[in-house]
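Please find one structure pasted underneath; my questions will follow.
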Protein chains: 2
Amino acid sequence: MKKEYSKTEIKIKTAAKSLFLKKGYSATTTREIAKKSDINLALLNYYFTSKWKLFEIIMFETLFDFLSKMVEVYNDEKTSLEDKIKLTCEKYIDMTIAEPLLPTFVLNELKNNPTSFLKMPSTKMIMKSRLVAQYQEGVKKGIYAKIEPIHFVTNIMSLIVFPFMCSPILMKMEKLNTEEFNNLMHERKKSIPKWIIKMIKK
Amino acid sequence: MKKEYSKTEIKIKTAAKSLFLKKGYSATTTREIAKKSDINLALLNYYFTSKWKLFEIIMFETLFDFLSKMVEVYNDEKTSLEDKIKLTCEKYIDMTIAEPLLPTFVLNELKNNPTSFLKMPSTKMIMKSRLVAQYQEGVKKGIYAKIEPIHFVTNIMSLIVFPFMCSPILMKMEKLNTEEFNNLMHERKKSIPKWIIKMIKK
DNA sequence: TTTTTTATTAATCATTTGTTTAATTCAATT
DNA sequence: AATTGAATTAAACAAATGATTAATAAAAAA
């Protein structure tokens, strides 16, 4: 189903994504993209019609990739709720260490242009995930304190993602280099599940 | 000490801030600023030299305002740790409801231009605040579980701020309008302190 | 009032930017 | 080998953008 991209198209998309992530949509020029991907400027429009279309494609694929990976963990049939939380932290922290600019980029562009998200594969899948169901079962059984599911999932994501978005501040506050900062995030792979479980335990 | 701004300068700054917050630095044009503030385009450069200088001034004042308000609560001599957490949540959630675009804007522009932050009034004040000290006292006394202070303050801010940055997603997921979303955030003023305290209790 | 300084304006400049055109090269097909 | 269609290129266009200029209006100082 997925469109097959030629080498040139991939070069353009790769360069464009890296620039969009770093500088945002508006601050990135088509000439920069052409230069970085080592193609002629006109090819950008030849293959992708316009800067905006190219951006939309990259945005969609990026979000789609991310959501797919996320839902995969959320919906695993074999794992317990607490394992799911652990796996979520591990997976998403690793993913974000690999692409630390992504969360701020996505949320910022989403702010600038909320409609570009409407086409997205239903984000509602998260609320209907096994993770949420398992938590609610736990509540019924009296194991967990009752928290609205929307708050529950928001809390997990907040603790995982926000520190990355604050990295410039945290690194300045604690005089960290990138490696030290990443270590701090690695620590959180073990801590966040503990914190979350404390939060939901009665 | 603070510079006195003329009426015209305030008009420019107000319009510019609102546009920068909404669209970011690059996507905002000087002509838009001039139009919105109802001044002649040349006055922008007359008073502020350049778009970038104007932006720096706005950025600095915004961050300074925010940090001042934050540190004020963190360093209150009268309140207990748990009260400080409650007050922080209340104050910052209210602040962010009033200016919901600010966190994403700040963190994004900071990502694009990390140096613009170096001039900032020491963010280190947070780590040396009474709030952190009180938490560490509690750890010594054996009341609280030991968490690195940097994680402790990060967690508080994460739970408070991140949901605002996700508002487009949350609103779509739960089909909320702005009022309903704000209510959700108001709820968190009471919940977050409870969650944080559970997190740090042994 | 006259002079001087400050504030405001319209017009313009020099770049930059996204996009298009028309010509050329390359690759596949006949 | 000739032909056709796709890929690539250099050049150019039109609009937008940040900034400046030179002239004028308003306010303050003399």
E32(B): what forms a salt bridge (Lys or Arg N to Asp or Glu O under 4.0 Å) with it, not counting sequence neighbours? K23(B)
Sequence neighbours excluded, every pair satisfying salt bridge (Lys or Arg N to Asp or Glu O under 4.0 Å) that has a member inside residues 67-79 of chain A: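 Counting only pairs at least two positions apart or across chains, the salt bridge (Lys or Arg N to Asp or Glu O under 4.0 Å) contacts touching residues 67-79 of chain A are E72(A)-K91(A), E77(A)-R130(A).
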For T30(B), what residues pass the side-chain hydrogen bond (donor to acceptor under 3.5 Å, both in side chains) criterion, not counting sequence neighbours?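 Per chain and number, T30(B) pairs via side-chain hydrogen bond (donor to acceptor under 3.5 Å, both in side chains) with no residue.
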How close or far is atom C1' of dA19(D) from atom CG of L44(B), stated in whole angstroms?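 Distance check: L44(B) CG to dA19(D) C1' gives 10 Å.
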F162(A) and L107(B) have their tightest heavy-atom pair at CE1-CD1, 3.8 Å
Members of residues 24-41 of chain A that approach DNA chain C, where some heavy atom sits under 4.0 Å away: T28(A), T29(A), T30(A), R31(A), L41(A)
Please name all residues satisfying side chain to side chain contact (heavy atoms under 4.5 Å, CB included) with S191(A), sequence neighbours left out, ordered by chain then number. W195(A)
Chain A footprint on DNA chain C, 5' to 3' - any atom under 4.0 Å from a heavy atom: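 Span of nucleotides near chain A: dT17(C) to dT21(C).
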Rounded to whole angstrom units, what separation is found between the CD atom of E9(A) and the C1' atom of dT8(D)?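 Going from CD in E9(A) over to C1' in dT8(D) covers 14 Å.
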Atom pair distance, as rounded to whole Å: CG in L43(B) and C1' in dA23(D):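 One finds 14 Å between C1' of dA23(D) and CG of L43(B), rounded.
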Using a cut-off of strictly less than 4.0 Å, decide whether Y46(A) has a side-chain nitrogen or oxygen near OP1 or OP2 of dA7(D).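 True: Y46(A) side-chain N/O within range (under 4.0 Å) of dA7(D) OP1/OP2.
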Between dT9(D) (C1') and Y47(A) (OH): distance, integer Å: 13 Å
Would you say the ring centers of Y47(B) and Y5(B) fall short of 6.0 Å from each other?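 That pair fails the under 6.0 Å test.
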Nucleotide dG18(D), atom P - distance to CD of E56(B) in whole Å: 16 Å
Base, sugar-phosphate, or nothing: which does S50(A) touch, judged by heavy atoms less than 4.0 Å apart?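 Sugar-phosphate only.
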Of all residues at least two apart in sequence or in a different chain, which pass the side chain to side chain contact (heavy atoms under 4.5 Å, CB included) check with P193(A)?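 P193(A) satisfies side chain to side chain contact (heavy atoms under 4.5 Å, CB included) with I85(A), K86(A), C89(A) once adjacent residues are dropped.
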Sugar-phosphate, base or nothing in reach of S6(B), heavy atoms under 4.0 Å: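 Contact class for S6(B): none.
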Those residues that, when tested against S129(A), pass side chain to side chain contact (heavy atoms under 4.5 Å, CB included) (two or more places apart): Y74(A), N75(A), L131(A), V132(A)
Angle between the two end axes of the helix from dT1(C)-dA30(D) to dT30(C)-dA1(D), five base pairs per end, rounded to 10 degrees?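 Rounded value for the end-axis angle: 10°.
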Among pairs that include at least one residue of residues 176-199 of chain B, which meet salt bridge (Lys or Arg N to Asp or Glu O under 4.0 Å), considering only residues two or more places apart or in two chains? D94(B)-K189(B)
Taking ring pair (Phe, Tyr, Trp, His ring centres under 6.0 Å) as the cut-off, I'd like each qualifying pair that reaches into residues 8-32 of chain B, sequence neighbours left out, listed once.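 Pairs touching residues 8-32 of chain B that pass the test: F20(B)-Y25(B), F20(B)-F55(B), Y25(B)-W52(B), Y25(B)-F55(B).
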Taking side-chain hydrogen bond (donor to acceptor under 3.5 Å, both in side chains) as the cut-off, I'd like each qualifying pair that reaches into residues 13-22 of chain B, sequence neighbours left out, listed once. K13(B)-E61(B), S18(B)-K36(B)
Whole angstrom is fine here: how far is it from CG in L19(B) over to C1' in dT17(D)?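 Value for this atom pair: 15 Å.
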